[in-house]
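Here's the structure we're looking at; comments come further down.
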Amino acid sequence: MNLADSEEMAAHLLARGYVPTENLEEADLALINTCTIRDHAEHKALSFLGRLRKWKRENPSRIIIFAGCAAQRLGNRLKKTFPYLDLVSGAKEIDRFAELLDHSGLFSTNPAEPNPATQSVTGYVTIMRGCNFACSYCIVPSVRGPVHCLPSQQILRQAAQKAAEGYPEIVLLGQTVNAWQEEGKTFADLLNEVSALPGVERVRFVSPHPAFITPQFLAAVENNPKIARHIHLPVQSGSTKVLQEMKRGYSRETLLEKLDALKERGFAISTDIIVGFPTETPQDFEQTLSLVERVHFSAAYCFKYSPRQGTPAAQMQLHTEKTLEERLDILLNKVKGLAESAYRVQIGKPVQILMESPNKGRTSDNFWAKTKKSYPVGSMVNSIVEDVDDTLLLTRD
Ligand code: SAH
Ligand code: SF4
């Protein structure tokens, strides 16, 4: 989502004559798009901003924009600590970013048509913003606000445009992306409509919430081969008690039913897990480990619990850093072993690879694969997995 938001903001800067650079020294402007999901993410953004003090001093005409969720959370306080900051643009203001640039007086008010210049096979389309859940650890609802679903007409227009620009893979984005709905239309309908657009070869979506993995959704994905056979479904914990305290709205049992249903339909499943939620006992943690083993996730992003100001869980007694580290370490080791075996079991299987470079691409179930021959970027290659090199499938063709 941040990637898509960065692209959107960058497009408005390109329209005002800027071109992207990897080299800060030659840049006239720095746009920092921030995350505040954990304290660590926010801290990284702020320390980068701190380092830009010298950069700005070297040439005061340089412009610094601080955007995204940390910008939303910290707001005008930022300008007090970092007086050299030119513009703060919170996550809720993304739709008004162009207006904000115009009102700042820092840019030409006669921009060209925004036209993002990314070079990849993937086009991102935001279909909803915000979140209506209230997970007890999570800051997203307060920095991104309640759910706002974008109209299907706009989504389909954007996806069609991306496909026409040469992005055969469309990724639909939202905080609880599968909660998207519109009068008379569900997320499953939208998936089918996007995948039927000319030039769309593959559709992905991120991040879905387990609550909206419905029979209707399962039926849609089952009958539509263009929907990638991979889902990133954050589970957070394997303990019903912790899930309840996290206010996730599902139990271990209902979660497992849904995960099994997805696996039966050939889905590789990756996930997010939080270790060391304040009430997590060693037994709860064991439950998470056993869930991970049972489900065989193809990948898992594991996070140490980070208290976020204003969330209910921030009031609870924290685990020590040592406990957090220990649990994270154990989980990471387990996850790594399982991910390796998820790659190994692919040997002998047919795969369809969307090429992202002449010799490398991703399979429908989101594994990286390396081909023997070279193919055009953006083409779909059918082959068989012959071998595995760490986390890379090696194919026959
Ligand atoms: N909307 C998605 C998650 C978005 S946040 C969902 O509900 O599934 C991305 C991930 O950050 C979460 O899945 C969670 O694992 C992690 N996260 C969120 N808040 C956190 C916190 N306070 N401490 C540690 N990890 C957190
Ligand atoms: Fe945060 Fe929960 Fe909403 Fe995901 S569903 S963004 S974890 S509040």
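For ligands, and for the atoms within them, numbers begin at 1 and follow the listed sequence.
Remark: ligand 1 and Asp272 share an N or O pair separated by less than 3.5 Å (distance only, no angle test). Any N or O atom pair closer than 3.5 Å counts here, and Ser306 shares at least one such pair with ligand 1. For ligand 1, the polar-atom distance check against Arg248 finds a nitrogen or oxygen pair separated by under 3.5 Å. Among the atoms of Tyr137, some N or O lies under 3.5 angstrom from an N or O of ligand 1.
Heavy-atom contacts from other residues, nucleotides or ligands closer than 6.0 Å to CD of Gln309 number 12 or fewer. Shown here is Lys247, whose NZ atom has no more than 12 heavy atoms of other residues, nucleotides or ligands within 6.0 Å. Within a 6.0 Å radius of CG in Asn76, other residues, nucleotides and ligands contribute 12 heavy atoms or fewer. With a 6.0 Å radius and a threshold of 12 heavy atoms from other residues, nucleotides or ligands, Gln153 has its CD atom at or below the threshold. The environment of Lys336 atom NZ is sparse: at most 12 non-hydrogen atoms of other residues, nucleotides or ligands sit within 6.0 angstrom. At most 12 non-hydrogen atoms from other residues, nucleotides or ligands lie less than 6.0 angstrom from NZ of Lys44.
Using cut-offs of 30° and 60° for the angle between ring planes, the Phe107 and Tyr18 rings count as perpendicular. The aromatic rings of Tyr305 and Phe277 lie perpendicular to each other, with more than 60° between the two planes, well past the 30° mark.
One side chain, Arg308 or Thr36, offers a donor N or O that lies under 3.5 Å from an acceptor on the other.
Set against the non-hydrogen atoms of Gln175, the atoms of ligand 2 under 4.0 Å away are 6 (S). Per-residue contacts place Arg308 under 4.0 angstrom from the following atoms of ligand 1 (heavy atoms of the residue considered): 22 (N). Each of the following atoms of ligand 2 lies closer than 4.0 Å to a heavy atom of Cys131: 3 (Fe), 5 (S), 6 (S), 8 (S). Atoms of ligand 1 lying under 4.0 Å from any heavy atom of Tyr305, numbered from 1 in the order shown and given with element: 23 (N), 24 (C). Listed by number with element, the atoms of ligand 2 under 4.0 Å from a non-hydrogen atom of Tyr137 are 7 (S). Atoms of ligand 2 lying under 4.0 Å from at least one heavy atom of Pro141, given by number and element, are 8 (S). Listed by number with element, the atoms of ligand 1 under 4.0 angstrom from any heavy atom of Gln175 are 1 (N), 2 (C), 4 (C). Those atoms of ligand 1 that come under 4.0 Å of a heavy atom in Lys304, given as number and element, are 23 (N), 24 (C). Numbered from 1 in the order shown, with element, the atoms of ligand 1 that lie under 4.0 Å from a heavy atom of Ile37 read 5 (S), 11 (O), 17 (N), 18 (C), 19 (N), 20 (C), 21 (C), 22 (N).
At a threshold of 2.8 Å, atom 1 (Fe) of ligand 2 has no backbone or side-chain N, O or S atom of Cys135 nearer than that distance. Not a single N/O/S atom of His209, whether from backbone or side chain, sits less than 2.8 Å from atom 3 (Fe) of ligand 2.
Here the straight-line distance linking atom CD of Glu8 with atom OH of Tyr124 works out to 14.0 Å at 0.5 Å rounding.
Of all the heavy atoms in Tyr250 and Val235, the pair that sits closest is OH-O, 2.8 Å.
Residue Gln236 touches ligand 1 through its side chain alone, judged by heavy-atom distances below 4.0 Å. Residue His40 does not touch ligand 1, judged by heavy-atom distances below 4.0 Å. At a heavy-atom cutoff of 4.0 Å, ligand 1 is contacted by the side chain of Phe303 but not by its backbone.
The protein non-hydrogen atom at the shortest distance from atom 1 (Fe) of ligand 2 is Cys138 SG, 2.3 Å. At the shortest separation from atom 8 (O) of ligand 1 among protein heavy atoms lies Pro234 CG, 3.0 Å.
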ask   = Which is it for Phe267 and His230 under the ring-ring contact (aromatic ring centres under 6.0 Å, His included) test, yes or no, and what are the steps along the way?
value = CA-CA 5 Å; Phe267 274 76; His230 166 250; 8.3 Å; no
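The closest approach between Arg248 and ligand 2 falls below 4.0 Å for a heavy atom of the residue. Contact between Ile274 and ligand 1 is present, with at least one heavy atom of the residue lying under 4.0 Å from the ligand.
Because its NZ or CZ atom is both nearer than 6.0 Å to the ring centre of Tyr167 and within 45° of the ring axis, Lys162 counts as a cation-pi partner of that residue.
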